Amino acid sequence: MTVCVSARPRTVGRAVCVLLLAATVTGCQEPPGAADSPAPSRPSGPGSAFLAVDECSSRGRESFTEVPCGSERAAARVIARYDGKVKEGPACPARTDFVLHVSESRPAVDEDGDGEVPQGYACMRNLEAPHPGDPGRGGGPRTVVGDCVYGAGRGEVRETACDGSGERAPEYQVSSAVRERAECPAATQLYVTLDGARPVGCAVRM
């Protein structure tokens, strides 16, 4: 099935927004205590749900199509799938390369015959490199241990490639993740808010 890329939910058809989330985190502020044990909210397997866990999609400039993972067109695999809004739901796994936002719609034909596809999001992993969600690669929806950041002003930092290949040079690298700031090593120069059970990133200047 093919869906259109859209910035707003539609009332007809299936709309998918590509949230190529450049990690923006807050430095030197109290971190949230988000859980880091994502579990798929939908059954997997062809036809059971649109872009269910372990299903694959092609990648186009204006549309994403659900295709068999063995297809030559397959570009990315769903590694987690959740209902609801990204900001209100569980965090995607750390190895997520990008996120697809599925808008609520009421198509004529849908997976389970109830006439609607709930709003949700799919955490995607490219089938082949590059993998921007990997530590130090400068992308993905989450900042993890091994990632590098630079100061973006107003107490915020943004992720960038550790090898200097990004638009901005790296200034700090997240060396460890802990539950509280007091657990960071003495060499820590910046605290970065992360997702998960260890929400404090201990960063050192590069």
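Only a predicted model underlies this, so the values are computations on that prediction, with no experimental measurement involved.
Taking CG from D195 and OG1 from T143, the interatomic distance works out to 8.5 Å, rounded to the nearest 0.5 Å. To the nearest 0.5 Å, atom OG of residue S176 and atom CZ of residue R198 are 9.5 Å apart. L51 contributes atom CG, which lies 5.0 Å from atom CD of E66 (distance to the nearest 0.5 angstrom). Of the inter-residue distances, the one linking R154 atom CZ with E156 atom CD reads 5.5 Å to the nearest 0.5 angstrom. Atom SG of C92 and atom CZ of R142 lie 8.5 Å apart (nearest 0.5 Å). The distance from the SG atom of C123 to the CZ atom of R81 is 9.5 Å, given to the nearest 0.5 Å.
The two residues R95 and R125 come nearest to each other via the heavy atoms O-NH1, 2.9 Å. M124 and L100 get closest at one heavy-atom pair: CG-CG, 3.9 Å. The nearest pair of heavy atoms linking V67 to S58 is CG2-N, 3.8 Å. Nearest heavy atoms, V192 versus A203: CG2-CB, 4.2 Å. Minimum heavy-atom separation, V78 to A122: CG1-CB, 4.2 Å. Among all heavy-atom pairs drawn from Y121 and P90, the shortest one is OH-O, 2.6 Å.
Of the possible donor and acceptor atoms, none in the side chain of T160 sits under 3.5 Å from a partner among the backbone N and O of P170. Side-chain N or O atoms of R77 include one that pairs as donor or acceptor with a backbone N or O of D54 at under 3.5 Å. In this structure a side-chain-to-backbone donor-acceptor pair under 3.5 Å is missing from E183 to V178. In this structure, the side chain of Q173 does not engage the main chain of C148 through any donor-acceptor pair within 3.5 Å. The backbone N or O of K85 sits nowhere less than 3.5 Å from a side-chain atom of E88 that would complete a donor-acceptor pair.
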### Task
Begin from the C-alpha positions of V200 and E180 and carry the test side-chain contact (heavy atoms from CB on, under 4.5 Å) through to its verdict.
CA-CA 6 Å; V200 180; E180 299 178 357; 5.6 Å; no

### Task
Take V144 and V174, measure what side-chain contact (heavy atoms from CB on, under 4.5 Å) needs, and give me the verdict at the end.
CA-CA 7 Å; V144 298; V174 180; over 6 Å; no

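For CZ of R137, the number of neighbouring non-hydrogen atoms (other residues, nucleotides, ligands) closer than 6.0 Å is 12 at most.
One hydrophobic cluster, built from ILVMFWY side chains closer than 4.5 Å, holds both Y82 and V86.
By the 4.5 Å heavy-atom criterion applied to side chains, R59 and N126 are counted as neighbours.
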